[in-house]
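Single-structure report; data block below.
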Amino acid sequence: MNRFLLPVSVVGTVIGGTVLLKDYVAGGACPSKATIPGKTVIVTGANTGIGKQTALELAKRGGNVILACRDMEKCEAAAKDIRGETLNPHVRAQHLDLASLKSIREFARKIIKEEERVDVLVNNAAVMRCPHWTTEDGFEMQFGVNHLGHFLLTNLLLDKLKASAPSRIINLSSLAHVAGHIDFDDLNWKTKKYDTKAAYCQSKLAVVLFTKELSRRLQGTGVTVNALHPGVARTELGRHTDMHNSAFSSFTLGPFFWLLFKSPQLAAQPSTYLAVAEELESVSGKYFDGLREKAPSPEAEDEEVARRLWAESANLVGLDMAHGSAGRGHSLPR
């Protein structure tokens, strides 16, 4: 009998150590217990994955939560799930297609007209490593949705956010931004050969640069904005990657995926933390890796690049630079 004790002990130690390592790698729960009763929160891409879990966490804390999604059937189902789990009746779905400037403007007009306040905007929605698709307005899909769509949405809601101050904007970027580069000569991949990975990295770098420049412009307004890498999570975001589609990779690398990939619930903790933590009320223009502030890539901190990207983005989406309002927009040729 004794001969089994050592192997069993070793196995138990390995399992326990693996679980502890997973907890360390994944990060923990939001350390703040702050609640947000009466505060209005918008979460884009909230019908599944990190977005849905973020909406759930903020609904648990008493927020008036608006799920902003393209697929209304899934969005309504997610809102119903969250209402049932949290018993918070103030959770609802609203249509927003970030691949359409028209849809973004319609959503913003509705929010401005119908909502008394907007306290938190979580720019969560994203596409990752998709084929060479274009948005309704002719933008490369990843740059168009991940950056330009949220750039326009945020700018259109700024007056409402300022009127609700102190308020917060949370932009979901990615560790992938460190491999990104802003190609001002061909932001939308019109001339060079399309590289789905490079396009994704560029879009996520753009998110951090947008955060930095927006923070500079919002100084003294009571509105903060921060970017974050939520961690690598088991969500539908990676559905276009070879690793996700490979049965061999899933089988052979499955144990490592389990160790290194967060659950959507854990991946939603950084967004929740940035949205509610009282100690972060005046923190702005920062990049968080999980729950910890971290320096982003050198290009992400280049003020000249950030200013130029803002000007280029405003021109592409038809943002009135003087008044911060949107015009008809300048559509790129398809």
Side-chain angles (χ1 to χ4, degrees), residues 26-37 39-71 74-88 90-94 96 98 107 111 118-128 145-146 149-150 153-154 157 161 167-175 204 207 211 224-238 261-278 280 287-292:
C30 171
S32 173
K33 303 302 181 185
T35 57
I36 52 171
K39 292 192 175 183
T40 297
V41 178
I42 298 171
V43 183
T44 68
N47 64 294
T48 188
I50 297 174
K52 181 179 179 182
Q53 288 298 319
T54 301
L56 174 67
E57 293 289 338
L58 297 175
K60 283 180 180 177
R61 295 168 186 261
N64 169 31
V65 183
I66 299 170
L67 282 61
C69 314
R70 179 179 58 83
D71 188 324
K74 291 181 179 179
C75 196
E76 292 283 9
K80 182 179 180 181
D81 288 345
I82 294 171
R83 288 193 299 268
E85 185 168 343
T86 64
L87 300 182
N88 180 345
H90 305 294
V91 178
R92 62 192 189 280
Q94 195 154 311
L96 170 64
L98 286 161
F107 174 86
I111 292 295
V118 174
D119 300 274
V120 181
L121 172 62
V122 184
N123 288 321
N124 165 85
V127 289
M128 175 183 177
V145 170
N146 299 352
H150 285 127
L153 174 66
T154 302
L157 295 179
L161 284 155
S167 53
R168 308 185 189 194
I169 302 164
I170 296 106
N171 294 329
L172 269 73
S173 180
S174 168
L175 181 61
K204 288 302 185 178
V207 171
T211 301
T224 62
V225 55
N226 293 289
L228 69 91
H229 167 54
V232 182
R234 297 187 299 273
T235 70
E236 295 178 5
L237 183 62
F261 284 25
K262 291 185 178 185
S263 66
Q265 181 181 9
L266 266 180
Q269 298 307 305
S271 298
T272 304
Y273 179 55
L274 290 179
V276 306
E278 294 169 346
L280 299 180
Y287 171 77
F288 284 75
D289 184 346
L291 299 171
R292 295 182 293 273

Can you check side-chain contact (heavy atoms from CB on, under 4.5 Å) on L58 and V276, steps first, answer last?
CA-CA 8 Å; L58 297 175; V276 306; 3.6 Å; yes
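- When every heavy atom of T272 is checked against every heavy atom of R61, the shortest pair comes out as CG2-NE, 3.6 Å.
- Taking CD of Q53 as the reference point, atom OG of S263 lies at 7.5 Å (rounded to 0.5 Å).
- Closest of all the heavy-atom pairs between A125 and L98 is CB-CD1, 3.5 Å.
- Nearest heavy-atom pair, P230 versus S173, reported as atom, atom and distance to 0.1 Å: CD-O, 3.8 Å.
- Rounded to the nearest 0.5 Å, atoms CZ (R168) and NZ (K39) are 6.5 Å apart.
- Between R92 and N64 there is a side-chain heavy-atom pair separated by less than 4.5 Å.
- Taking CG of L280 as the start and OG1 of T224 as the end, the distance is 8.5 Å to the nearest 0.5 Å.
- A side chain to side chain donor-acceptor pair (under 3.5 Å) with N171 is found for exactly one of T211, N146, T154, namely T211.
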Apply the test side-chain contact (heavy atoms from CB on, under 4.5 Å) to residues N88 and K60: give CA-CA distance (whole Å), side-chain angles for both, the deciding distance (0.1 Å), then the verdict.
CA-CA 7 Å; N88 180 345; K60 283 180 180 177; over 6 Å; no
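- Considering V120, L121, D119, V65 as possible partners of T40, the one that fulfils the side chain to side chain contact (heavy atoms under 4.5 Å, CB included) test is D119.
- Summarising the geometry of G45 relative to N124, their closest heavy-atom pair is O-ND2, 3.2 Å, with the distance given to 0.1 Å.
- When all heavy atoms are compared, the tightest approach of L56 to E85 is CD2-OE2, 3.8 Å.
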Stepwise, does the side-chain contact (heavy atoms from CB on, under 4.5 Å) test hold for I82 with L67?
CA-CA 10 Å; I82 294 171; L67 282 61; 4.0 Å; yes
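- Atom CG of N226 is separated from atom OH of Y287 by 12.0 Å, given to the nearest 0.5 angstrom.
- Put simply, SG on C30 and CD on E57 are 8.0 Å apart, with the number rounded to the nearest 0.5 Å.
- Shown are V122, L157, L96; of these, the side chain to side chain contact (heavy atoms under 4.5 Å, CB included) with I42 is made only by L157.
- Here L228 contributes atom CG and L172 contributes atom CG; the two are 4.5 Å apart, rounded to the nearest 0.5 Å.
- Nearest heavy atom pair, residue A277 against residue S32, reads CA-OG, 3.6 Å.
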